[in-house]
Amino acid sequence: MLIAGNWKMNGAATGAAEFDGMLAGASEAASRGVDLLVCPPFTMIGAFALKAAGSPLSVGAQDCHFAEKGAHTGDVSAPILAEAGASAVIVGHSERRTDHGEDDGLVAKKAVAAQQAKLKTIVCVGETEAERDAGDAVAVVARQLAGSLPASLNPQNLVIAYEPVWAIGTGRTPSTDDVATMHGAISQTLDTQFPGSAIPILYGGSVKPSNAAELLAVPHVGGALVGGASLKAEDFLAIARAAPGNG
Ligand code: PGA
C-alpha cells in the first residue's frame, strides 16, 4: 500500500511542523507494509528530503517538465527534482490538465522524463462528472491510459492514480462498486500493456480518515492519493492506519 499526500499549493507556515508529525508516524506505517509519500510545493522538497533522509517517509513533487534542462522559465525538470531529494513525482493531475491545458501526449512525455530521472512516476487519470453521467467513465480512463503511458515506461517505477475529477476536493466519492469496476478495468489494461507487472493503482478524490478503510479495502486499490486530508499529520496518519497492512 502506498499513501501519497498531494499538498497542492498549500503548506506555508504549518507545513514543516505537519511534515515532522508525518515523519514521526512513518516507521509504524512502514512496519505494516504501508509506504508514505508527501508531495509538497517545489520549494519545500529540499528541506523535507533532508529531514526524511534515512526514514521510510518519501518526498515527491507534484509535476515536472518533460525536458531535462533548458529555457523553460518557471518550470522544474525531473533531474532537478531528483537532485533536491525527491524520489517520486505526480504527472497528469487533473488540476494540471485543467489549469495548464496538459493533454495525454504531454503527460506521456513527462512520465518518460520522470522515469529517466529514476523518479517513481504517479500518472493520474479520471473522468469528469459529465463523462460519468454519460456512462463513459471507463472508456475515458482507458483512453487517458492509452495516451499517457508510452510502452517504454518501466512498470517497476510506475504508479497509476485514479481520481474522478468530480470527487477531487468536493467531499463526494464514488461508490465502492464503482471504484471496484474502474480499478478492475485499469488493472486489466495494465496487465495487457505490462504483462506480469503489479503496478499499484491508487484511488484519489476526497479520501479522509472516515472513508479510507472502505475505499482501501476495494479490490485492486493499492493505496490512496490524498489532497486536503494530507495537510494534517493526524489525518494523513489516520488514513495510513486505515490501510490494510501486511501484518
Ligand atoms: P482531495 O484531492 O483529497 O482534496 O480530494 C485529491 C487530489 O487531488 O489528489
Side-chain angles (χ1 to χ4, degrees), residues 1-12 14-15 18-19 22 34-42 44-45 58-64 86 88-102 107 110-111 114 119-129 131-132 137 140-141 144-145 148 158-176 178-179 182-183 186 200-218 221-243:
M1 280 270 155
L2 170 64
I3 307 298
N6 171 13
W7 283 17
K8 310 191 180 185
M9 201 167 67
N10 297 297
T14 55
E18 295 299 337
F19 185 82
M22 294 171 193
V34 177
D35 294 331
L36 300 185
L37 166 70
V38 173
C39 301
F42 287 135
M44 298 175 200
I45 291 172
S58 303
V59 180
Q62 301 167 19
D63 180 48
C64 67
V89 62
I90 299 167
V91 295
H93 190 279
S94 77
E95 287 151 17
R96 298 292 314 176
R97 291 177 185 259
T98 306
D99 293 358
H100 300 274
E102 297 190 3
V107 175
K110 291 182 175 204
L119 299 174
K120 179 181 291 210
T121 308
I122 303 175
V123 177
C124 300
V125 292
E127 82 286 356
T128 63
E129 183 154 37
E131 288 162 342
R132 174 156 290 272
V140 165
V141 167
Q144 290 174 333
L145 290 172
S148 308
L158 183 61
V159 175
I160 304 301
Y162 166 58
E163 299 203 304
V165 177
W166 52 272
I168 295 176
T170 59
R172 298 164 57 205
T173 54
S175 69
T176 50
D178 285 345
V179 174
M182 183 62 82
H183 279 242
I186 295 172
I201 308 167
L202 312 183
Y203 168 78
S206 296
V207 177
K208 50 191 180 207
S210 59
N211 63 17
E214 94 177 339
L215 288 164
L216 291 167
V218 173
V221 172
L225 181 54
V226 186
S230 74
L231 292 168
K232 285 213 163 336
E234 192 186 334
D235 291 345
F236 191 57
L237 294 174
I239 291 168
R241 281 193 298 273

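Only heavy atoms go into these numbers, but all of them, side chains included; no hydrogens, no water, no symmetry mates. Ligands are counted one by one from 1 in listed order, and the atoms in each one are counted from 1 as well.
- Between the T98 side chain and the E95 main chain, no donor and acceptor come within less than 3.5 Å of each other.
- By the criterion of a heavy-atom distance under 4.0 Å, neither the backbone nor the side chain of K208 is placed next to ligand 1.
- Identified under the side chain to side chain donor-acceptor pair (under 3.5 Å) test for residues 159-171, with sequence neighbours left out: H93-E163, E127-Y162, E127-W166, R132-Y162.
- For atom 4 (O) of ligand 1, the nearest protein heavy atom (residue, atom name, distance) is G228 N, 2.8 Å.
- Applying the 4.0 Å criterion to heavy atoms of G169 picks out, from ligand 1, the atoms 1 (P), 4 (O), 5 (O).
- Taking the six-membered ring where the residue is Trp, F19 and W7 present perpendicular rings, their angle passing 60° and hence far from 30°.
- Under 4.0 Å from ligand 1, the heavy atoms of A167 that appear belong solely to its backbone.
- Side chain of S206 to main chain of A167: a donor-acceptor pair is present (N/O by atom type, distance under 3.5 Å, no hydrogens or angles).
- In this structure, G204 has no heavy atom closer than 4.0 Å to ligand 1.
- At a heavy-atom cutoff of 4.0 Å, ligand 1 is contacted by both the backbone and the side chain of I168.
- Among all non-hydrogen protein atoms, the one lying nearest atom 9 (O) of ligand 1 is E163 OE2, 2.6 Å.
- Near G205, the atoms of ligand 1 lying under 4.0 angstrom from a non-hydrogen atom of the residue are 5 (O).
- Residue, atom and distance of the protein heavy atom nearest to atom 3 (O) of ligand 1 are G227 N, 2.8 Å.
- In summary, of the residues considered (M44, M22, E18), a side-chain contact (heavy atoms from CB on, under 4.5 Å) with V38 occurs for M22 alone.
- Close contacts between ligand 1 and L225 involve ligand atoms 9 (O) [criterion: under 4.0 Å to a heavy atom].
- Put simply, the side chain of E102 never gets that close to the backbone of V107: no donor and acceptor are under 3.5 Å apart.
- Among protein heavy atoms, the minimum distance from atom 2 (O) of ligand 1 is reached at K8 NZ, 3.2 Å.
- Atoms of ligand 1 found under 4.0 Å from any heavy atom of H93 (numbered from 1 in listed order, with element): 7 (C), 8 (O), 9 (O).
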